[in-house]
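Just so we're on the same page: letters track the sequence lines, and every chain starts at 1.
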Amino acid sequence: MKNFHLDRRQLSVPYLIYLVLFVVMPLLVVLYYGFTDDDGNISFTNFIVFFTNSKTMGTLVYSLAIAVIVTVICLLLAYPVAYILAKGKYARKHSFLMIFVLPMWINFTLRITALKEILTMLEGNLAYHPFLNTVICMVYDFLPFMIMPLFNALTKLDSSIIEAGYDLGATFPQVLKSIILPLTVPGIISGITMVFLPAMTNYVVLDMVYNSTYIMGSLIGSYFSSYDWNNGSIISAILLMFIGFFAIFTERILNRGEKEEQRI
Amino acid sequence: MEKTKTIIKMNNVRKSFDGKINVIENLSLDINEGEFVTLLGPSGCGKTTILRMIGGFDKPTEGEILLDGSDISMLAPNERPVNTVFQKYALFPHLNVYDNIAFGLKLKQLTKAEIDRKVSEVLELVDLEGFEKRSITTLSGGQQQRIAIARAVVNEPRVLLLDESLSALDYKMRKEMQLELKSMHKRLGITFIFVTHDQEEALTMSDKIVVLADGKVQQVGTPEEIYNEPANVFVADFIGESNIFNGVMTGKMKAAFAGTEFNCVDDYETGKKIEAVIRPEDVTVVKPGEGQLNGEVTSTDFKGTFYITFVQCGQYEMEVHCLENYRPGETVGLHVLPDNIHIIPYDTSINNFEGMIDGFVDGKGLFIVFRDFSMFVDAHRLYPDSSVSRGRLIGQDGEHIDYQGKKVMASFQPEDGDMSDDAKKGDIVGNIVSFYYIGDHYSYTIRTDNEIDYVVDDEDLWNYGDKVSVILPKKKMKYRLLEEQKQEVAD
C-alpha cells in the first residue's frame with residue numbers, strides 16, 4: 001500500500017485559500033470600486049478627481065507633511081539613543097533598551113490619553129496646537145519602532161570597524177559620516193518604513209488630540225461612513241500604490257545591504 | 001649597527017576596567033625604534049590591552065605612555081602617529097580596496113595624484129597590484145589581511161600595531177604571512193608591535209619578545225634569550241617544551257635535582273632553592289650508566305623529524321627529543337651538558353600573605369585575619385618571650401603586649417600545602433590558573449576571588465580552571481611580625 005503523503009502543493013492549499021479570500025479578493029474589490037462610478041460603469045473619474053480636488057490633495061500633502069516630520073524627528077531622536085545603547089560600555093544595555101520599548105506594552109489609547117492630559121496641563125487647551133500635538137503624540141508612539149531596527153543595525157556593526165576609522169585619523173563626525181551611517185543604512189530604512197507608513201494613515205491620534213484636519217486614513221474613513229465606496233476605494237488604492245513603491249524601493253536597498261553582509 | 005633610540009616608553013602603567021581588577025599592573029616597557037617587538041602571553045594576560053593603550057583605544061588608569069619623549073597616553077587614536085592592523089582586519093565593507101587604503105590619505109587632504117601613487121605603491125608592497133577597484137567582500141582572508149596591512153602602512157605611521165593579525169588565517173597562509181611581515185618590516189623600517197599567543201610565531205618573527213602573564217612583564221629579550229635563558233618557570237613552560245625540576249644548590253656550580261647531582265654553569269649560593277629547566281632537545285640518550293640519569297622508556301611518539309621519548313628515571317619523568325626510536329621498556333642513560341641546564345632561583349615571594357592580629361584568646365592563641373582566611377596562631381610563634389597572665393598576653397617584663405592591629409606575614413612552602421575538591425575541607429577556595437609539571441609532581445597556582453595566588457604542589461593531575469580548596473599547613477606555616485614604621489624614632 002502506498003503511504004499517504006502530502007506534497008508541497010497540497011500543503012499550500014489552505015494558505016492559498018486564505019490568500020485568495022483575504023488578500024486578493026479584497027484588493028480586487030477595492031480596485032473594482034475605485035475604478036467604477038455609482039452605476040457600476042468603468043470610469044477613471046474618481047482617480048482624476050483625487051488628483052484635481054484641492055481637498056483630497058490637501059489631505060495628501062498634510063498626511064505626507066506629518067509623516068515626514070514625525071519620521072525625521074523619530075530618526076533624529078532614535079539614532080543617538082540606539083548608538084549609545086548599542087555601542088556604549090554599559091553592562092545592561094538590553095535593560096536600558098527595554099525602558100524605551102516598555103511603553104509599547106501598555107494599551108495604545110491609554111498611552112495617548114495620558115500624554116493628552118500632560119499636554120493639556122502644559123498648553124491649557126489642546127485645540128491651540130493641533131498639528132504640534134499630533135506630531136508629539138505620534139513621535140511618542142512610534143519612537144520604539146525606530147529605535148529597535150537602529151539598535152539592531154548598530155549592534156551588528158563591528159566596533160573594530162569604527163575604531164579603524166579613528167585609527168586612520170578620522171574625527172567622530174568623519175567616522176559617523178563615512179563609516180557608521182553608510183553601514184547602518186539598512187537599519188535606517190527599516191526604521192523609516194516602520195514609522196513613515198503608520199504615521200501617514202493613523203488618524204486615531206488626530207481624533208484623540210482633537211485635530212480636525214483630515215489625513216489619508218480619516219479621509220478614507222469618512223467616505224466609507226457616508227457610503228461613498230467608490231471614492232473611498234480609489235484613495236485606498238492610491239495609498240496602496242504609494243506604499244507599494246516605497247516597499248519596492250526599500251527592498252532594493254535592503255537587498256544590497258544584505259548581499260554585502262553575506263559576502264563579508 | 002646604528003644607535004638605538006627609544007620610540008615608545010611606558011612608565012608604571014596600570015589599567016583596570018570599571019575600577020575592578022588590574023588588567024595591567026605597574027608595567028614599564030621600552031620599545032626601540034625600528035624593532036619588531038612581540039607581546040607574547042596566554043589569553044587574558046593583558047597583551048591586547050597594552051596594544052590598545054598604545055593605539056589610543058583604551059586609556060591607562062595610571063602611568064604614562066611616551067612616544068618620542070612626549071606623553072601620548074591621553075591622546076585620541078586619531079591624534080597619534082600610530083596605525084593598527086586589527087584582529088579581524090576591520091576593513092570597511094562598503095568601500096572598495098582603493099577607498100579603504102585611501103581613507104587615511106584623504107583625511108590628510110593629499111592630492112588625488114599623490115593618493116593614487118601611494119595606493120598603487122602600497123598595493124605593490126603587499127603583492128596585490130591592480131586590486132584597486134575590487135570590492136572588499138570578494139577578497140580571500142589572506143588578501144583582506146594584506147589590504148588591512150596596506151591600509152595601515154600607507155599612512156607611514158611611526159609605529160605599526162598588529163593585534164593577533166595572523167590568527168584568523170589557516171596554518172599555511174599564516175606561515176607565509178609571518179615571513180612576509182618580517183620582510184615588510186625590513187623594507188619599511190617602521191617599528192612593529194605584534195601581539196600573539198603563539199610562541200612559535202613570536203620566536204620566528206621578532207627582534208624582541210615581551211613575555212606577559214597576569215598583566216605583568218615576565219621577561220623581555222631576544223627570541224634566543226627567551227628560549228635559552230627563561231627568567232622564570234612560567235616563561236620556561238610557556239615557550240617551547242621543558243623539563244622542570246625543583247632542586248637545591250649543592251656547591252659551586254653544582255645543583256641537585258631529579259634525584260642526582262648535576263654540574264651547571266649558573267652560580268648561586270650553596271643551599272639556595274632552585275628550579276632547573278632542561279629542554280627536551282638538549283638531553284642526549286646514551287648507554288645505561290654513561291649519563292647522569294638512568295631510566296626506562298615509557299612511551300615514544302614520532303613527530304616527523306624526531307621522536308618524543310618519555311623516560312622514567314625513578315620518580316622523575318624526563319621528556320627527550322631524539323632521532324632514534326627507543327622501544328618502551330628499554331633502559332637508557334640520559335646525559336645533559338652543564339651548559340644546557342638552566343638554573344632559575346626559586347621565587348621566594350610566593351605564598352606570602354599579609355594579615356592583621358585581631359584579638360587573643362587564652363588557650364587558642366592570637367586571632368589573625370588574612371584577606372582570604374583567618375586563624376588562631378600560638379602566641380609564642382610571634383612573641384617568643386610572651387606568657388599568659390589572667391587571660392592576657394604579657395611580655396618578659398610583665399608588660400601587656402600591644403598586639404591588636406599589628407601586621408603579620410605568614411608563609412608556607414608549596415610542598416606543605418594540600419589540595420582538595422571538597423570546598424569545605426580547605427581553608428581557602430579558588431581556581432587553578434596555571435600549573436607546571438615539575439619532574440615528579442605538579443605545581444599549581446590557585447587564585448581566590450580576592451586575586452591572591454596560592455602555590456601548592458600536588459602529585460595528582462588537576463585541570464586548568466578547576467575549583468579547588470587549599471588546606472593550609474598551619475603547623476608548618478611561618479609567621480613573622482611586620483616592622484612598623486617607627487614613629488618614636490622621629491622624636
Side-chain angles (χ1 to χ4, degrees), chain A residues 79 83-96 149-150 152-190 250 252-264, chain B residues 17-18 20 48 51-52 54-58 75-96 99-110 134-141 144 147-148 150-157 159-161 163-165:
Chain A
Y79 206 94
Y83 184 82
I84 293 165
L85 287 179
K87 291 291 166 217
K89 286 171 183 157
Y90 310 109
R92 299 168 179 219
K93 49 176 77 167
H94 283 278
S95 316
F96 280 111
L150 289 178
N152 287 335
L154 283 161
T155 310
K156 270 203 285 176
L157 179 61
D158 187 354
S159 293
S160 66
I161 290 183
I162 299 173
E163 285 181 348
Y166 292 122
D167 187 70
L168 294 166
T171 58
F172 177 70
Q174 287 164 332
V175 169
L176 186 68
K177 183 180 143 272
S178 46
I179 298 168
I180 303 173
L181 283 177
L183 287 174
T184 49
V185 165
I188 296 172
I189 299 273
S190 47
T250 52
R252 288 224 172 131
I253 293 183
L254 285 178
N255 275 347
R256 210 195 311 152
E258 259 163 39
K259 262 185 214 153
E260 266 169 21
E261 268 168 35
Q262 279 165 5
R263 273 196 250 137
I264 297 171
Chain B
F17 290 102
D18 315 323
K20 279 189 226 147
T48 295
L51 202 75
R52 289 177 61 82
I54 298 172
F57 304 110
D58 285 325
L75 288 184
N78 53 6
E79 296 166 320
R80 303 180 183 210
V82 170
N83 285 110
T84 310
V85 179
F86 291 86
Q87 185 168 11
K88 282 179 279 165
Y89 320 136
L91 296 170
F92 307 128
H94 59 302
L95 302 177
N96 64 17
D99 287 325
N100 262 280
I101 297 175
F103 192 89
L105 301 174
K106 283 181 184 163
L107 292 168
K108 285 184 194 148
Q109 307 196 320
L110 300 182
R134 289 280 290 272
S135 158
I136 288 301
T137 47
T138 63
L139 302 179
S140 71
Q144 292 195 19
I147 298 300
R151 184 179 69 174
V153 298
V154 79
N155 300 294
E156 292 159 23
V159 180
L160 183 72
L161 307 176
D163 184 8
E164 303 245 9
S165 302

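Heavy-atom neighbours of B/K88 NZ from other residues, nucleotides or ligands within 6.0 Å: at or below the threshold of 12. Remark: B/K108 NZ is packed, more than 12 non-hydrogen atoms of other residues, nucleotides or ligands lying under 6.0 Å away.
Shortest non-hydrogen contact noted between A/L168 and B/N155 is CD2-ND2, 3.2 Å. Minimum interatomic distance between A/A164 and B/A90 (heavy atoms only, all atoms of both residues): CB-O, 3.7 Å. The two residues A/I161 and B/L91 make their nearest non-hydrogen contact at CD1-O, 3.6 Å.
Residues B/T84 and A/S160 form no side-chain contact, since every pair of their non-hydrogen atoms from C-beta on lies 4.5 Å or further apart.
Using a 4.5 Å cut-off between heavy atoms, B/R151 contacts chain A through both its backbone and its side chain. For chain B, the nearby parts of A/E163 are the backbone and the side chain; heavy atoms of each come within less than 4.5 Å. Both the backbone and the side chain of B/N83 come within less than 4.5 Å of a heavy atom in chain A. Heavy-atom distances place both the backbone and the side chain of A/S178 under 4.5 Å from chain B. Residue B/V154: no heavy atom, backbone or side chain, is found under 4.5 Å from chain A.
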- Message: Using the rule given for side chain to side chain contact (heavy atoms under 4.5 Å, CB included), can you reason through B/F103 versus A/I179, listing the C-alpha separation, both sets of side-chain angles and the distance that settles it, and then say yes or no?
- Response: CA-CA 10 Å; B/F103 192 89; A/I179 298 168; 3.6 Å; yes
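A donor-acceptor pair under 3.5 Å is absent between the side-chain atoms of B/N78 and the main chain of A/Y166, judged by distance alone.
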